[in-house]
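Single-structure report; data block below.
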Amino acid sequence: MPPDSRHSNFKKLQKKFYERYVLNVAPDLLGKIFVRRIGNIILSGRIVETEAYDGKIDAAAHSYNGKTIRNAVMFEGTGLLYVYFTYGMHYCANVVSGGRDQGQAVLIRGIEPIDGITHLSNNRFGNIMLSNKQHLNLTNGPAKICKAFNITKEQNGIDLTGNSIYILDADLPPNSVIIKTTRIGIKKSVDLPWRFYIKDNPFVSKKSG
DNA sequence: CCACGGATTGGCT
DNA sequence: GCCAATCCGTGGA
């Protein structure tokens with residue numbers, strides 16, 4: 001059973017965690033608990049899949065060609081939430097790392113739901129949980145996560161050390177095996193092994209890669 | 001199970 | 001004007 005963040009003593013990750021290089025932050029986010037508070041409602045889940053992007057050396061990063069309106073948050077500080085809009089209909093959420101003006105971020109690609117599952121389901125499908133198939137399809141992809149957690153451009157730039165969206169420290173489940181492989185859905189820097197996930201977790205978006 | 005293409009907006013060239 | 005750090009439905013093996 002995953003932990004219930006409402007009843008845990010887990011501590012919120014602080015600036016020091018996010019300040020490190022993105023290739024350290026991305027795998028270290030695996031197992032941590034992503035939390036969104038909306039009034040009295042708590043939505044949460046364990047992070048099971050991430051990807052690193054480093055604009056200094058990585059042509060696939062949005063920050064690769066410098067700061068623009070869209071990617072500005074990637075340059076504006078450590079531990080911020082960078083939310084971008086893509087394919088005309090989807091949002092994806094990232095954690096800014098490394099420090100100001102570094103252009104580094106970790107894309108959150110897979111989450112195992114913990115708290116507020118009926119709310120996550122209502123946000124995602126427009127009704128409460130119906131089937132096991134829907135349960136597994138809730139947050140196993142970056143845009144699915146934003147849909148379920150109701151994250152849009154409104155949340156772009158939120159400080160993750162605040163009280164609305166944050167990440168709790170937590171240990172990996174026992175016997176977890178971390179897979180390091182290539183990233184998904186990009187056309188540049190395709191060979192960099194900058195994707196990380198927990199082996200055999202059902203909320204990883206894709207097994208191979 | 002796998003491959004393919006449509007949806008649909010806004011950022012950037 | 002091009003096309004994206006995606007998702008989902010369809011159609012064939």
Side-chain angles (χ1 to χ4, degrees), chain A residues 18 21-23 25-27 29-30 34 45 47-76 80-98 102-113 120-127 129-158 160 165 179-197 200 202-209:
Chain A
Y18 300 113
Y21 185 54
V22 68
L23 283 181
V25 175
L29 280 171
L30 297 176
F34 183 88
I47 298 170
V48 301
E49 179 185 0
T50 61
E51 285 179 357
Y53 289 85
D54 175 3
K56 285 218 167 48
I57 57 174
D58 168 19
H62 290 167
S63 50
Y64 186 64
N65 291 313
K67 188 174 179 177
T68 66
I69 300 285
R70 182 201 198 201
N71 66 24
V73 171
M74 287 184 78
F75 294 88
E76 286 175 354
L80 301 182
L81 191 72
Y82 166 51
V83 182
Y84 67 84
F85 181 71
T86 192
Y87 291 104
M89 64 185 81
H90 297 304
Y91 292 99
C92 296
N94 303 250
V95 173
V96 178
S97 73
Q102 296 304 300
Q104 300 173 19
V106 179
L107 174 66
I108 310 297
R109 288 196 57 94
I111 283 184
E112 178 176 348
L120 294 173
S121 177
N122 197 43
N123 291 338
R124 175 104 167 78
F125 301 119
N127 53 33
M129 195 65 57
L130 292 177
S131 65
N132 189 253
K133 183 179 175 183
Q134 279 189 319
H135 180 80
L136 292 173
N137 200 23
L138 204 44
T139 49
N140 61 334
K144 298 176 186 179
I145 289 167
C146 284
K147 183 80 171 160
F149 280 83
N150 195 22
I151 290 170
T152 70
K153 61 185 176 183
E154 299 287 307
Q155 283 69 44
N156 188 33
I158 279 182
L160 295 170
I165 300 179
I179 302 295
K180 175 180 180 177
T181 183
T182 51
R183 296 172 296 181
I184 290 178
I186 53 172
K187 296 231 169 83
K188 300 167 186 169
S189 303
V190 293
D191 293 328
L192 294 176
W194 287 5
R195 175 172 175 242
F196 306 90
Y197 66 88
D200 296 330
F203 293 91
V204 172
S205 63
K206 289 183 182 175
K207 309 292 180 193
S208 61

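This structure is a prediction, so every number in the text was calculated from the model and none was measured. Throughout, a chain's letter reflects where its sequence line sits, starting with A, and its residues are numbered from 1.
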Query raised in the report: Phosphate oxygens OP1/OP2 of dT6(C): is one of them under 4.0 Å from a side-chain N or O of Arg109(A)?
Result: yes
Requested in this report: Measure distances between side-chain N and O atoms of Tyr87(A) and base N and O atoms of dA7(B), and say whether any donor-acceptor pair falls under 3.5 Å.
Outcome: no
Report task. May I ask you to verify if any side-chain N or O of Lys187(A) is less than 4.0 angstrom from the OP1 or OP2 atom of dA4(C)? Result -> yes
Query raised in the report: In whole angstroms, how far is the C1' atom of dA5(C) from the CE atom of Met89(A)?
Result: 15 Å
Report task. Have a look at Asn65(A) and say if it touches a base, only the backbone sugar-phosphate, or nothing, with a 4.0 Å heavy-atom cut-off. Result -> nothing
Requested in this report: Look at the side chain of Gln104(A) and the backbone N and O of Val22(A), then say whether any donor-acceptor pair between them is shorter than 3.5 Å.
Outcome: yes
Query - dA5(C) base stacked by Tyr53(A) (centroids within less than 5.5 Å, tilt under 30°) - result: yes
Query raised in the report: Between Lys144(A) and dC8(C), does any side-chain N or O lie under 4.0 Å from OP1 or OP2?
Result: yes
**Report entry** Residue-phosphate contact under 4.0 Å: Thr86(A) side-chain N/O, dG10(B) OP1/OP2
**Finding:** no
Report task. When you get a sec, tell me which of dT9(B), dC12(B), dC7(C) is the closest nucleotide to the side chain of Phe85(A)? Result -> dT9(B)
Requested in this report: Between dT6(C), dG10(B), dC12(B), spot the one nearest the side chain of Ala143(A), thanks.
Outcome: dT6(C)
Report task. Please determine if a side-chain N or O atom of His62(A) lies less than 4.0 Å away from the OP1 or OP2 oxygen of dA5(C). Result -> yes
Report task. Determine which nucleotide pairs with dT8(B), using a 3.5 Å limit on both distances of a Watson-Crick or G-U wobble pair. Result -> none
Query raised in the report: Has Arg124(A) got a side-chain N or O lying under 4.0 Å from the OP1 or OP2 atom of dC8(C)?
Result: yes
